[in-house]
Trainee: 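Shown below is the structure under consideration.
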There are 2 protein chains.
Amino acid sequence: MKEIRDNEQVKAYLSAFRIESVFNDQIVPHMSLYQFDPGESICGQGDVAQHLFVLVKGKVKIYTTSPEGKTLILSFKMPLEIIGDIEYVRDSDFINTVEAVSSVCMIGVDDHWLKKYADNDPGFLRFLLEIIARKFYIKSNSLSFNLMYPVEVRLASYILSVSFDASDDQFKGWLNSASLTDAANLIGTSYRHLNRVIRKLCLEGLIERKKGRILVRDRKGLSALAGRNLYE
Amino acid sequence: MKEIRDNEQVKAYLSAFRIESVFNDQIVPHMSLYQFDPGESICGQGDVAQHLFVLVKGKVKIYTTSPEGKTLILSFKMPLEIIGDIEYVRDSDFINTVEAVSSVCMIGVDDHWLKKYADNDPGFLRFLLEIIARKFYIKSNSLSFNLMYPVEVRLASYILSVSFDASDDQFKGWLNSASLTDAANLIGTSYRHLNRVIRKLCLEGLIERKKGRILVRDRKGLSALAGRNLYE
DNA sequence: ACTGGAAAAGGACATATGTCCTAAATAATT
DNA sequence: AATTATTTAGGACATATGTCCTTTTCCAGT
């Protein structure tokens, strides 16, 4: 992790994402940039949360670890996204672990300054509301979807979302084994079972497996199988 | 549904729950009481949402219905709880169906007045933030828990939560068949499978089944099985 | 108490998924 | 290119869960 105290760059990012108005003039001077390398941990489940982060570049992976050590990936996030919002509002420790997938850049601001200068600022509060409400909505969907459909359907949905997302800098057909393991943890199943289902989809001609990559052969068919698209 | 335009009673409720300060003087006159009978629908998935509700009496059931008609219970809620908050913030239709379980009383206020008089009110916004952040937290937990543990564990957790909640006016040992079906839908499994697991827990001496009721025989054992308590 | 019918529980079988281990494939090294 | 090491896919079996249908239980009405 590298902190960069460059307020001009902060302002540039804020303006690029059109959220200048969210952070008032008293806050902005206290914001700085943080860079993380791929694989680097940004915050760990249970750690004391004292910063609100705005993800402005790169991709992060959010996951939780159970007492038994099982890990479940909750989501991948790309800009614009907020990290530490729930913790800020609830005054709690980090509830999940966040890890940089690619080279990541975030704007960070100490909770302490927010409490002091933004806690009464309707613009900031409304922004947080929208962010958190959206997160809730996504998670709610995700919960229903996961409980109601088998892995096959979830995988179809996942493949569609990662294969056709132009903004995904990781795109390359799809996917090496690390991503497969990730996919399994995201979908909430085992690596073994994921393979089984992939095989089935191959036999059905929906996808094709080729040197560790997966190609979509029948997008329509996949969509039909997936129903609605879960992983946005 | 019966609307009761009794502003004094509204104020009494607000004060009882210590949330007078959340709704400012311009809003309060526009709030009124709504009563619902057991089983009555309060709002339906997909309906236009134009009210924010504060649940002040009774118990409601929140569920979602899939395109195929499967229904999944997301939660049971008791006071103090807010209904329609996500929809208010997101300007969306109702994402779930809410139904009165017992005789229910809610304070309702038209979104239109909120937008006009509360959208700039930090007290109100912070209140919503706390509510929604809490909801997110619960749902996040719920998602992880459901994906990571089998029905047996979830059921143990559920039994514990409904059996030892003093504030639950529905308490009676536990439970007739309607509640069993509900429990199945809440846990995200089939009625059949729930029975199977109940049987197993009986054989293990953790619970006892008696005339449609379920008694906890070994609370410690159940807790150990459940790990953490999911359904608060 | 007896009977018919509704409600609740359970049986049988099929599918979905997990765990553990082995085989196949790929990459690294010589 | 051949050989080894490492990574990825698959086999075998066990468990978890779903579906459909039958049996059992419970209760109203007589």
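Below, chain A is the first sequence line, B the second, and so on; all start at residue 1.
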Trainee: Please give, in whole Å, the distance from D:dT25 C1' to B:Arg209 CZ?
Mentor: 11 Å
Trainee: Quick one: B:Leu180 CG to D:dC26 P, roughly how many Å, whole number?
Mentor: 14 Å
Trainee: How does protein contact run along nucleotides 11-26 of chain C, one letter per nucleotide 5' to 3', with B for base contact, S for sugar-phosphate only, - for none, heavy atoms under 4.0 Å?
Mentor: BB----BBBB------
Trainee: Residues in salt bridge (charged side-chain N to carboxylate O under 4.0 Å, His left out) with B:Glu3, at least two apart?
Mentor: B:Arg5
Trainee: Who are the salt bridge (charged side-chain N to carboxylate O under 4.0 Å, His left out) partners of B:Asp85, not counting sequence neighbours?
Mentor: B:Lys135
Trainee: Looking at C:dA8, I'd like to know if its phosphate oxygens (OP1 or OP2) sit under 4.0 Å from a side-chain N or O belonging to B:Tyr191.
Mentor: no
Trainee: Indicate every side-chain donor-acceptor pair of residues 92-101 of chain B with a distance under 3.5 Å to a residue at least two apart or in another chain.
Mentor:
{"from": "B:Thr97", "atom 1": "OG1", "to": "B:Gln45", "atom 2": "N", "distance (Å)": "3.0"}
{"from": "B:Glu99", "atom 1": "OE1", "to": "B:Tyr63", "atom 2": "OH", "distance (Å)": "3.2"}

Trainee: My understanding is that only residues two or more places apart in sequence, or in another chain, count here; which of them pass ring pair (Phe, Tyr, Trp, His ring centres under 6.0 Å) with A:Tyr149?
Mentor: A:Phe145
Trainee: Tell me every residue that passes salt bridge (charged side-chain N to carboxylate O under 4.0 Å, His left out) with A:Arg217, counting only those two or more places apart in sequence or in another chain.
Mentor: A:Glu208
